[in-house]
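Written below as structure tokens is the structure these notes are about.
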Amino acid sequence: MRKLLIANRGEIAVRIVRACREMGISPVAVYSECDRAAAHVRMSDEAYAIGPSAPRESYLRIDRLIDAAAQSGADAVHPGYGFLAENADFAAAVRDAGLTFIGPTPEAIATMGSKTAARAAAIRAGVPVVPGSETALDARVSDAELVSLAASIGYPVLVKAVAGGGGRGMRTVHAPADLAAAVRAARSEAGTAFGDSTVYLERRLVRPRHIEVQLLGDLHGTVLPFVERECSIQRRHQKVVEETPSPVVSPALRARMTSAAAAVAKTVGYTNAGTIEFLLDEDGRFYFLEMNTRLQVEHPITEMVTAQDLVHWQIRIARGEPLDLDPAALLAPHGHAIECRIYAEDPDNNFLPSPGRIVSLRTPDGPGIRDDSAASAGLDVPIFYDPLISKLVAWAGSRPLAIARMRRALGEYLVTGIKTTVPFFTWLLAQPEFVEGRFHTTYLDEVLASRAGRPFVESSDEVEDVAAIAAAIHTALSAPANGSHGNGRAAAGRWKTDARLEGLR
Amino acid sequence: MRKLLIANRGEIAVRIVRACREMGISPVAVYSECDRAAAHVRMSDEAYAIGPSAPRESYLRIDRLIDAAAQSGADAVHPGYGFLAENADFAAAVRDAGLTFIGPTPEAIATMGSKTAARAAAIRAGVPVVPGSETALDARVSDAELVSLAASIGYPVLVKAVAGGGGRGMRTVHAPADLAAAVRAARSEAGTAFGDSTVYLERRLVRPRHIEVQLLGDLHGTVLPFVERECSIQRRHQKVVEETPSPVVSPALRARMTSAAAAVAKTVGYTNAGTIEFLLDEDGRFYFLEMNTRLQVEHPITEMVTAQDLVHWQIRIARGEPLDLDPAALLAPHGHAIECRIYAEDPDNNFLPSPGRIVSLRTPDGPGIRDDSAASAGLDVPIFYDPLISKLVAWAGSRPLAIARMRRALGEYLVTGIKTTVPFFTWLLAQPEFVEGRFHTTYLDEVLASRAGRPFVESSDEVEDVAAIAAAIHTALSAPANGSHGNGRAAAGRWKTDARLEGLR
Amino acid sequence: MHYEVEIGGRLRRIDITRSGDDFAVAIDGRTRQITATRIDAHQWSLLVSAPGKSDTPGRRVTYDVAISVDPAGALTVHVGSTPVAVIVNGRRRWGPGDKRHDGAGAGSGPQRVAAPMPGKVVRVLVAQGEVVRARQPLVVVEAMKMENELRAGRDGTVSEIHAREGVSVEAGALLIVIQ
Amino acid sequence: MHYEVEIGGRLRRIDITRSGDDFAVAIDGRTRQITATRIDAHQWSLLVSAPGKSDTPGRRVTYDVAISVDPAGALTVHVGSTPVAVIVNGRRRWGPGDKRHDGAGAGSGPQRVAAPMPGKVVRVLVAQGEVVRARQPLVVVEAMKMENELRAGRDGTVSEIHAREGVSVEAGALLIVIQ
């Protein structure tokens with residue numbers, strides 16, 4: 001493998017570029033119109049335009065991606081996450097073009113991409129699943145049948161899209177009377193979002209935690225699980241903070257959950273990187289929820305506590321290398337790691353997206369801090385894609401220190417020009433429930449509802465005085481006579497350099 | 001401990017600010033004239049001017065540092081490294097002012113700061129020392145006595161300043177005829193540099209490695225050693241690359257070296273952070289070289305493989321907390337870490353310092369990369385201090401991957417406006433001797449001499465074509481009519497923002 | 001020079017006297033000594049003396065400050081990493097924000113709810129003439145892979161509805177007006 | 001527009017025809033298609049077509065480029081993180097570099113060795129009239145905690161010595177001239 005096309009953008013494309021560089025593989029970028037000067041393009045060796053900014057005209061165009069691979073002479077394709085990462089047709093198209101797909105087989109993607117087929121696989125592996133309907137419910141299932149099915153599962157029930165993800169096509173129903181409407185709404189949303197309107201029903205557990213197990217499977221039948229990730233801090237079913245190890249998983253429970261995860265993967269002959277998601281109830285029972293047949297957004301925290309590089313392993317597995325790792329070491333976390341997903345959203349305005357140009361950017365660094373990002377000052381966060389700015393990871397010897405370090409890093413993080421979720425995380429990481437590890441998948445939605453939009457930053461009188469003084473001084477010294485140059489010593493020096501360069505003509 | 005004054009500048013001051021933030025301690029900065037807007041000032045809670053830019057008028061002024069501590073109400077002082085970090089008078093002045101000194105006692109600093117007293121301590125602890133003179137040699141020692149002493153030690157001999165460090169006041173002598181002149185030169189250099197012109201003689205080992213052991217000692221008599229650091233890559237006795245673990249130290253040798261280091265420290269009742277430096281000869285015998293009674297520049301690599309925070313521990317020890325760590329874990333490195341000291345020097349011009357304004361700065365990030373730095377675009381690397389730009393650390397599961405990762409990170413590192421040693425490291429990390437771990441303390445000087453100034457970057461025709469094209473396009477588009485604004489889309493957008501702000505008046 | 005700076009509904013009156021990098025700043029009558037060093041077009045390093053009656057008169061507090069116009073056109077001062085929205089001399093919107101929505105913020109006059117980004121109207125949740133409460137969801141716009149609820153900034157009555165379900169809208173398109 | 005760019009002693013003749021972000025660039029007669037997108041005042045993203053006779057005509061190579069004047073006044077183009085010193089249209093020094101030393105680089109005419117930074121002359125290693133070889137150490141200046149050897153850029157004869165041991169010098173002070 002000498003050249004690898006990255007069928008993605010943003011921070012995950014940058015992440016894959018870095019792995020390529022470390023492995024001596026030449027990274028090839030693709031870009032939509034608005035991404036011409038994006039970080040993943042600038043950092044790659046080659047770059048190919050694949051269409052307009054809207055994803056369905058570029059990053060979702062299988063034909064154009066295969067064309068770009070051919071044009072560049074790439075011999076492998078990494079899908080990243082999102083876009084086509086869990087699209088079996090794409091994996092098949094890559095294979096049919098004679099290229100290596102860095103991921104599982106199209107067959108495994110198809111099986112585990114169906115929530116009902118995945119549930120069946122878990123049951124075959126002897127792993128408990130959340131009580132629910134064993135088959136997909138299409139439009140022909142009558143309302144009466146739905147009510148009877150729900151009664152047998154027990155309320156509250158969740159209506160979930162078979163092809164779903166990210167909380168879309170999902171509804172909670174507490175009483176039979178609301179069931180039919182919820183199913184209709186979920187079908188409609190799922191149809192629009194995924195092109196597949198079938199849904200299924202599942203018992204909604206009370207205050208469960210979301211615990212997931214990262215797996216690697218090689219082409220020689222070895223499947224190895226990693227120490228669990230705790231992903232219960234979610235907003236509207238979207239993960240916002242992840243950490244490893246979980247504050248509530250004992251070594252004994254870890255052994256059972258990771259064995260169960262490996263068993264499910266082996267049942268479907270799974271290869272490459274994947275993740276088994278579980279719900280863990282308040283009594284310590286866990287249930288298979290679904291499998292993600294790709295690299296996860298939150299993979300860095302696993303890397304920090306195991307000293308393994310998951311993207312390297314994805315590539316090595318695809319090249320046929322065996323997983324020659326000590327299984328016990330993968331279950332013995334070295335320290336603690338936490339990830340905050342920094343979004344271009346306005347937390348004080350109902351987390352509304354806040355795309356636009358980043359004016360200033362200062363990212364945290366120093367001990368235990370990793371920032372996986374594709375942002376830079378002067379470039380746009382486009383309106384067309386997921387508004388993830390960066391994945392900020394803090395690693396330390398213990399959970400309290402990792403939290404302290406993350407708070408320190410958030411204090412160093414400066415993004416101006418757009419709104420970000422930094423102030424929200426600063427607030428969240430100070431909450432006693434978070435600090436003490438007392439949370440579950442609905443904790444965040446509940447506490448957000450109870451705050452009723454109160455701002456996350458309540459600045460002190462002194463900070464407001466300083467902001468007022470700074471605004472006044474800045475206004476006073478930004479005289480038009482100076483153009484955009486200001487009066488600054490530092491700035492003046494830079495402009496002098498420009499003037500010198502201009503003298504070149 | 002609620003407020004801590006940092007008696008230093010640059011990356012180490014920033015490093016200590018970060019530890020303070022993580023521990024809920026308020027950091028207080030001091031600054032010389034040219035450092036008014038330096039990173040450590042901007043990141044602290046309070047900042048005090050202590051004089052002109054020249055170190056002896058500011059960062060070396062004990063009186064002004066103590067004054068600043070009093071003015072701020074700080075209850076502790078951290079000296080960092082360099083400047084007054086190993087000055088017993090400063091540690092005593094801090095103690096006498098009723099403040100906590102984050103470091104060893106003035107007595108321990110004084111003892112171990114004298115190379116001859118430190119040798120005596122090692123001999124008392126039963127640790128081998130390099131054959132050499134047991135007493136300091138002042139101006140009263142006759143040339144004949146010197147020649148006789150050298151003959152008993154064996155040539156080649158090193159003439160070293162008793163108060164020395166960083167290769168200053170040091171000379172190698174191969175024959176008796178050169179001895180007297182070398183002693184005079186070393187005394188003169190040491191007198192100027194350290195205010196103490198006494199020297200001593202030491203056998204110069206052939207092709208030794210520099211291996212050092214980090215220690216922590218608490219106030220309750222516990223001394224714990226950490227896995228060794230390999231610091232043999234030196235230019236003129238200055239470390240330029242450090243790594244841990246050493247590629248040549250076996251677990252058995254590690255056990256012996258770390259026990260020896262702890263024994264020396266216990267002999268002098270050592271507390272807080274310190275480092276015992278050894279020379280390791282080609283036959284696997286090690287000799288005590290000296291002790292550094294402070295935090296080392298290269299401490300981050302130890303942190304990466306042990307998940308301990310050495311600055312936190314310095315503060316915790318000073319507060320009286322016990323070292324409640326598993327000693328075995330500190331000797332079992334998790335992965336491998338390498339540090340490159342990125343300097344503002346021109347490697348292609350005999351490593352001449354290259355101070356000045358940083359025009360653009362892009363620092364590496366992503367998996368396994370830590371950048372301890374105080375640099376930012378638009379600010380100066382002053383002429384007055386050590387021209388260290390950043391300490392770039394790569395951590396990975398294995399030494400080959402850590403090297404690959406460092407090379408990847410160096411490729412992401414962009415500093416314009418000044419010269420840096422990035423191209424030198426890119427070259428060094430590709431040398432077979434480095435990759436295979438076959439080096440010793442004079443390896444780098446030898447290979448640099450053999451290269452006779454050949455440039456470290458030999459760019460390809462294609463890269464030169466691209467540079468030429470870029471220079472031409474840049475020149476063509478930097479028309480004076482546009483001022484410093486260029487024609488760029490991104491740039492234009494920013495200036496629009498400025499214009500809006502100017503409208504504020 | 002005199003400025004009026006409003007933050008969180010509170011007006012501060014500021015008078016500045018400059019001498020090089022040093023400023024004497026009277027804020028609502030209390031004078032403070034400031035050293036302001038410009039870092040670049042957007043960033044400043046401020047050293048601020050302790051407030052007047054402090055028992056630590058020699059204290060010099062350091063603040064890193066960045067000033068920018070956010071996508072809604074509001075002026076934001078970051079003090080460290082803490083964003084503070086400021087209104088200088090009564091002006092609320094700068095640059096392109098002028099012709100865009102007023103966000104969901106409270107204010108006087110009719111509230112004009114506009115699309116903050118291009119997207120598709122998924123649901124209109126209120127009817128003409130309906131009485132709404134502050135923070136009540138009004139319309140759902142799908143953009144950036146998420147459904148985004150736009151909410152009322154204050155109590156009022158829906159006087160205009162321009163949003164239609166299923167229709168794509170540009171950034172800044174007026175969706176709903178509340179009197 | 002026509003430019004002459006010298007790199008490492010080799011001159012490249014460049015003709016540029018612009019059309020928006022796209023450029024047809026003839027370099028010593030071979031034409032290449034370039035897309036140049038400006039990132040900021042100093043940085044560009046270039047997409048470069050494969051050279052003329054390549055067997056992969058569709059290849060589009062991406063380069064991240066930064067342009068700056070270094071402390072010695074030379075124009076440097078960073079291609080990725082690789083610095084390349086360039087001379088455009090024959091001009092060797094820009095800005096303050098004009099009145100400073102010529103470094104230790106080879107060139108024609110007398111070589112004027114000047115202090116690259118403020119410091120103290122520790123040792124003068126050559127005498128008036130002495131014949132020196134390229135890279136021979138001439139004078140040692142202590143600055144930034146290090147002793148720095150300034151070396152001859154080429155073979156020649158020492159014609160002037162302005163450096164005196166123990167004397168502090170400013171940046172740019174002339175120390176030695178070699179004919």
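In what follows, every chain begins at residue 1, and chains take the letters A, B, ... in the order their sequences are listed. In this text the structure is predicted, and so the values were computed from the model without any measurement.
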Practice item. Considering only heavy atoms and a distance below 4.5 Å, find which of A/V422, A/V415, A/I473 pairs most often with chain C. Key: A/I473
Practice item. Could you tell me whether the side chain of A/F83 reaches within less than 4.5 Å of the side chain of A/L60, counting heavy atoms only? Key: yes
Point to revise | NZ or CZ of A/R235 within 45° of A/F351 ring axis and under 6.0 Å | key: yes
**Study point:** Pair A/Y343-A/S354, side-chain hydrogen bond (donor to acceptor under 3.5 Å, both in side chains): steps then yes or no
**Key:** CA-CA 9 Å; A/Y343 274 94; A/S354 176; over 6 Å; no
Point to revise | Top contributor to chain C interface from A/T420, A/V466, A/D465, A/L414 [non-hydrogen pairs under 4.5 Å] | key: A/D465
Exercise for review: Counting only heavy atoms closer than 4.5 Å, note whether C/Q43 contacts chain A via side chain, backbone, both or neither.
Suggested key: side chain
Can you give each donor-acceptor pair under 3.5 Å made by side-chain atoms of residues 451-460 of chain A, sequence neighbours left out, with the distance rounded to 0.1 Å?
unit_1	atom_1	unit_2	atom_2	d
A/R451	NH1	A/R454	O	2.6
A/R451	NH2	A/P455	O	3.3
A/S459	OG	A/E464	OE2	3.2
A/S460	OG	A/V463	N	3.1

Study note, to complete from the structure: Applying a strict 4.5 Å limit to non-hydrogen atoms, the region of C/D21 in contact with chain A is neither
